[in-house]
A.B. asks: 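Have a look at this one.
We're numbering straight along the sequence, starting at 1. Every number for a ligand or one of its atoms is a count from 1 in the order of the listing.
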Amino acid sequence: MKKHNFSAGPAILPASVIKEAAAGVLELDGIGMSILEISHRSAEFIAIAAEAESLARELLQIPADYAVLFLSGGASGQFSMSAMNLLNENQSAGYLDTGTWSSKAIKEAKAFGKVQVLASSKDQNYNYIPTGYDIPAGLRYVHVTSNNTIFGTQLREFPTTDAPLVADMSSDIFSRRIPLEKFGLIYAGAQKNMGPAGVTLVIVRKDLLGQVDRHLPSMLDYRIHIENESMFNTPPVYPIYVSMLTMRWVKAQGGLEAMERHNEAKAKLLYDEIERNPRFQCTVPNPQDRSLMNVTFVCTDDADTKPFLAAAEAAGCDGIKGHRSVGGFRASIYNSMPLESVQVLVDVMKNF
Ligand SMILES: *Cc1c(COP(=O)(O)O)cnc(C)c1O
């Protein structure tokens, strides 16, 4: 039976990308070798890495004064690496606390400088995006999590501040257009919306670097990775290859504007059914705060939870069980999720 992959991450990739990725494991474009066994210094891989960078630049319209890096260590590694590279001990950074990942970023940054939590939605189990908070002047940067994968909320608009924004975009990178010029640094683990697990995209404005007093270990110094074009150490060759194929697919679909339209249509289909169907309820009350990537909902009557999960699984819908800190259900409907699969889930809800 066809499976509809609603997993939060690692997550669905386009079927055509999986096919090409599989072919590349057997033999890369007629070179007589697998992508798994070629040198990262080979002409073939250097071309792949260059295409990955230029696709990221084209899709997100990244100007030349920003570097694009493909690193290891996940978004979790970036929680500390970003603060370590940008924040001196006597400087302050503002953090918006909108979920588990934000609070982990806050915890890591505290080791390197002063952290001011500008606002938090923890009081309501992170089911909304705070508004109306003040951002003091003189912050080194303001850190946000653009999409809260676990709690199903998303920042539709980014804070207005003189400080550069630093953003964890792990679960909505390439899902919509963003005002890139507001950001000093963007990072994203690939395994939600960009490719398979194992690579982390980092976009950083170069003039922000080189201003901290501390010693940075080479592997944790953005400047070293920039100088070495992400090849200071052996990069995650295969995850970069598959991410490049996925970015090619995003471009072929019409780029971020097309992704945005497609993602809005999928999310509308699902949220409309949750609103219409009295047996379900969205965990995020304000429609403005609802994520287009991770749709979180519960059964109005908890006795329905187990039978609904069983009905969804019987229809091939995989991975919709909610995160343990929210309960209920979470349908992750990233870029590669087709509308037809969302329709299958909506039909299960209608017939339940
Ligand atoms: C999944 C996720 C992370 C953690 O990513 P790792 O690559 O496992 O470190 C961090 N932030 C957000 C928003 C996520 O969705």
A.B. asks: On a heavy-atom basis, I'd like to know which of Gln78, Lys192, Met293 is closest to atom 14 (C) of ligand 1.
C.D. replies: Lys192

A.B. asks: Does the pair Arg276/Glu273 count as a salt bridge with the N-to-O cut at 4.0 Å?
C.D. replies: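 Glu273 and Arg276: salt-bridged.
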
A.B. asks: Just jot down the ligand 1 atoms closer than 4.0 angstrom to any heavy atom of Asn147, in number order.
C.D. replies: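 That gives atoms 13 (C) of ligand 1.
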
A.B. asks: Can you confirm whether the side chains of Asn5 and Tyr334 place a donor and an acceptor under 3.5 Å from each other?
C.D. replies: no

A.B. asks: Who's the nearest protein heavy-atom neighbour of atom 15 (O) of ligand 1, and how far?
C.D. replies: Thr149 OG1, 2.5 Å

A.B. asks: Mind checking whether Asp168 has an N or O less than 3.5 Å away from an N or O of ligand 1?
C.D. replies: yes

A.B. asks: Under 4.0 Å from a heavy atom of Gly74: give me the atoms of ligand 1 that qualify, with their elements.
C.D. replies: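 Within the 4.0 Å cut-off of Gly74, ligand 1 contributes 7 (O), 9 (O).
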
A.B. asks: Aromatic rings Tyr95 and His143: how do their planes relate, parallel, tilted or perpendicular, breaks at 30° and 60°?
C.D. replies: parallel

A.B. asks: Between Gln191 and ligand 1, does any nitrogen or oxygen pair lie at a separation below 3.5 Å?
C.D. replies: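 For ligand 1, there is an N or O atom that lies under 3.5 Å from one belonging to Gln191.
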
A.B. asks: If only side-chain N and O atoms count, and only distance matters, is there a donor-acceptor pair under 3.5 Å linking Ser102 with Asp97?
C.D. replies: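 Their side chains do not contain a donor-acceptor pair, so the 3.5 Å distance test is not met.
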
A.B. asks: With sequence neighbours left out, what residues match Arg214 under salt bridge (charged side-chain N to carboxylate O under 4.0 Å, His left out)?
C.D. replies: none

A.B. asks: I need the nearest protein heavy-atom contact for atom 9 (O) of ligand 1: residue, atom name and distance, please.
C.D. replies: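 Protein heavy atom with the smallest distance to atom 9 (O) of ligand 1: Ser76 OG, 2.6 Å.
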
A.B. asks: Provide the closest heavy-atom pair for Ser218 versus Ile224 in the form atom of the first, atom of the second, distance.
C.D. replies: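 Taking every non-hydrogen atom into account, O-CB, 3.7 Å.
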
A.B. asks: Below 3.5 angstrom, do we get any N/O pair linking Ala75 and ligand 1?
C.D. replies: yes

